Structures are given as C-alpha cells and as structure tokens.
Amino acid sequence: MTQLAELAARVLDDPEGWPQDPKEAIALQRRMADRVHEEPLDVDGVRLVAGLDVSYAKDDPALAAAAVVMDARTLEVVERVTVTAEVTFPYISGLFSFRELPPVLSALTELTTTPDVLVCDGFGLAHPRRFGVASHLGVLLDHPVVGSAKSVLHGRHSVPGDERGSWTPMVSGRSEVVEDSARLADEGAEVIGRVLRTRERVKPVYVSVGHRVDLAGAADLVLRLSPKYRVPEPIRRADRLCGERRKEYEQERARDRSAE
DNA sequence: GCGACAG
DNA sequence: ATCTTGTCGC
C-alpha cells in the first residue's frame, strides 16, 4: 500500500472526523480551517494528478466514487479506480465534504500510484468558512489539493474576458457578480479564488486553493489540464467513470433485491 | 426575516 | 448530483 492510500484509510477510520450532525460538522470546519496551508506549486514539476468525483443515484442511497490518475503533461491515463458505497451524510451546501469525502478517501485507498496533486470537484478556500472539500481533503491527507468548481458558492467576482486563459479574482463576500473584482483585490479584499476561462466563450470554472498549493499555480495547472474542454480532464474522466460504475452498481442492487 | 446555496 | 430530447454552434 502506498503511504497516501494508508493515510486515506486511517483518516476514514477516525470516528472523530465524521460527525453526523450539521452543527458538529460546522464546528469541525471552524476548528480545522486554520490548518490549511498555502505554498508555491511548481506546476512544471507536477507529474501525476488525480481527478476525484462521486456519482449519486436518484432514489437510492447508492453511490460510486472514482479517482483517475493522469500524466499532467501528456494527459495519458495512468490509473483508474472506483468504489461503491451508500450515502452517509445529506447534501448541505457548505457541508459538501462530509458527504463527498468518505467515498473519495475510499477510492484513494485503492490507488497504487501516488499523484503529486489531487483535483477536487468543488472549492477549497472559496468557502464561507474557508474550508471547502478541497481544503478538507488536503488537510486530512496533508497533500496538495486544488479545487475546481463549476458554479459559485461564495465570493464576489467579475466576469473574465472571452479568451481561454482569461481570469478574474474572487474576493471574500456573499456570492455576487461585481464590476471589477480586481480593483477590490487591489484595495485589500481577501482573494479566495479565481474565475478562469478554460474555453473561449464558454462559462468559466472557479479555481481555489485546497491545500499546499498557491492560487496562481492552481489556476495554471487547471488551465493546462483543460486543453479541450471546460472541466479539467482528470475530473471529466473521473466524472464519467464514477457515473458508469454507479449505474452498474444500481443494477447489481436491483438484481440482489429481486433475488431475495 | 429573507435570500443564497459547491455536488 | 440526477432525469432527459432535441437542438444550436464550431
């Protein structure tokens, strides 16, 4: 077992880490948020990245999670793993990690390679308590994590230019589109993320620091992981993979139910 | 109290 | 997130 896989298993087994009550979950986020660290990310030095995602069934607690490890330069798939499980926490905006991380960690337990950076479908610091799923995962594993989300949860931002690579800062505050968020940043507002156009004239993605990366490096990495589509390739692949696995799992469960 | 609200 | 057909654009 790799060190990362072992760590994931240990963290998963810690009963203290997985409150069932939203009140306790929020308290846990508040206690852990100061453990998030930002450090320079050498994007050219990144070899392997893992995209992580979870797929849920409609009227069934069944879910599947996937981790897809890719070469950051060639975008060649190096490893793919899936796990199936059942939901253990409801979806509550702001408490996403308590629903998503148990299956994600379970998938990481199966990896035989060690990605340099993990990419989460969601936010890190761009969160009301600065502790989105990417930060939560990063702190638990003490590993570099980048958050890449498809819509806004928290923060004020303006709309980036139409060209691929164009971006604007997200600054602290309730969700709102403003005239010039770069000016707010210059005036000292806390920068919590970056709105990044990964495809010309296509809705941008929202990048934020999860843990042990810096925002510019995170955005550079996301851009280079998205040469063709809006969403970073590792997340796209993980999304597709866990979706397929989840449907299979639903069928298996339906068969098992009718067999008894 | 009202509106916002990752996946 | 999930469900779901056609349709618009490069």
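This structure is a prediction, so every number in the text was calculated from the model and none was measured. In what follows, every chain begins at residue 1, and chains take the letters A, B, ... in the order their sequences are listed.
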Given atom [atom1] of [X] and atom [atom2] of [N], what is their separation to the nearest angstrom?
{"X": "A:Glu250", "N": "C:dA1", "atom1": "CD", "atom2": "P", "answer": "15 Å"}
{"X": "A:Ile235", "N": "B:dG7", "atom1": "CD1", "atom2": "P", "answer": "10 Å"}
{"X": "A:Lys247", "N": "C:dT4", "atom1": "NZ", "atom2": "C1'", "answer": "11 Å"}
{"X": "A:Arg99", "N": "B:dG7", "atom1": "CZ", "atom2": "P", "answer": "13 Å"}
{"X": "A:Phe96", "N": "B:dA6", "atom1": "CZ", "atom2": "C1'", "answer": "6 Å"}
{"X": "A:Phe89", "N": "B:dG7", "atom1": "CZ", "atom2": "C1'", "answer": "14 Å"}
{"X": "A:Arg129", "N": "B:dC5", "atom1": "CZ", "atom2": "C1'", "answer": "12 Å"}
{"X": "A:Arg236", "N": "B:dG7", "atom1": "CZ", "atom2": "P", "answer": "16 Å"}

Does a nitrogen or oxygen in the side chain of [X] sit under 4.0 Å from OP1 or OP2 of [N]?
{"X": "A:Arg246", "N": "C:dA1", "answer": "no"}
{"X": "A:Ser93", "N": "B:dA6", "answer": "yes"}
{"X": "A:Ser151", "N": "B:dG7", "answer": "yes"}
{"X": "A:Lys150", "N": "C:dA1", "answer": "yes"}

Requested in this report: When you get a sec, tell me which of B:dA6, B:dG7, B:dC5 is the closest nucleotide to the side chain of A:His127?
Outcome: B:dA6
Query raised in the report: Where the side chain of A:Arg201 is concerned, which of B:dC5, B:dG7, C:dC10 is the nearest nucleotide?
Result: C:dC10
**Report entry** Position toward the 5' end of DNA chain B (nearest nucleotide), A:Arg174 or A:Asp239
**Finding:** A:Arg174
Flag for [Y]-[X]: side-chain donor and acceptor within less than 3.5 Å:
{"X": "A:Ser172", "Y": "A:Arg130", "value": "yes"}
{"X": "A:Tyr56", "Y": "A:Glu100", "value": "yes"}
{"X": "A:Gln3", "Y": "A:Thr114", "value": "no"}

Tell me what [X] touches on the nucleic acid: a base, only sugar-phosphate, or nothing, going by heavy atoms under 4.0 Å.
{"X": "A:Gly94", "result": "base"}
{"X": "A:Leu101", "result": "nothing"}
{"X": "A:His154", "result": "nothing"}
{"X": "A:Tyr56", "result": "sugar-phosphate"}
{"X": "A:Val152", "result": "sugar-phosphate"}

Query raised in the report: Among A:Arg253, A:Lys247, A:Arg246, which residue meets the salt bridge (Lys or Arg N to Asp or Glu O under 4.0 Å) test with A:Glu250?
Result: A:Arg246
Query raised in the report: Taking the six-membered ring for Trp, does A:Tyr91 stack with B:dG7 (centroid gap under 5.5 Å, planes within less than 30°)?
Result: yes
Report task. Could you grab the distance from atom CZ of A:Arg80 to atom CZ of A:Arg245, nearest 0.5 Å is fine? Result -> 11.5 Å
Requested in this report: Please round to the nearest 0.5 Å and tell me the distance separating atom CD of A:Glu200 and atom CD of A:Glu163.
Outcome: 7.5 Å
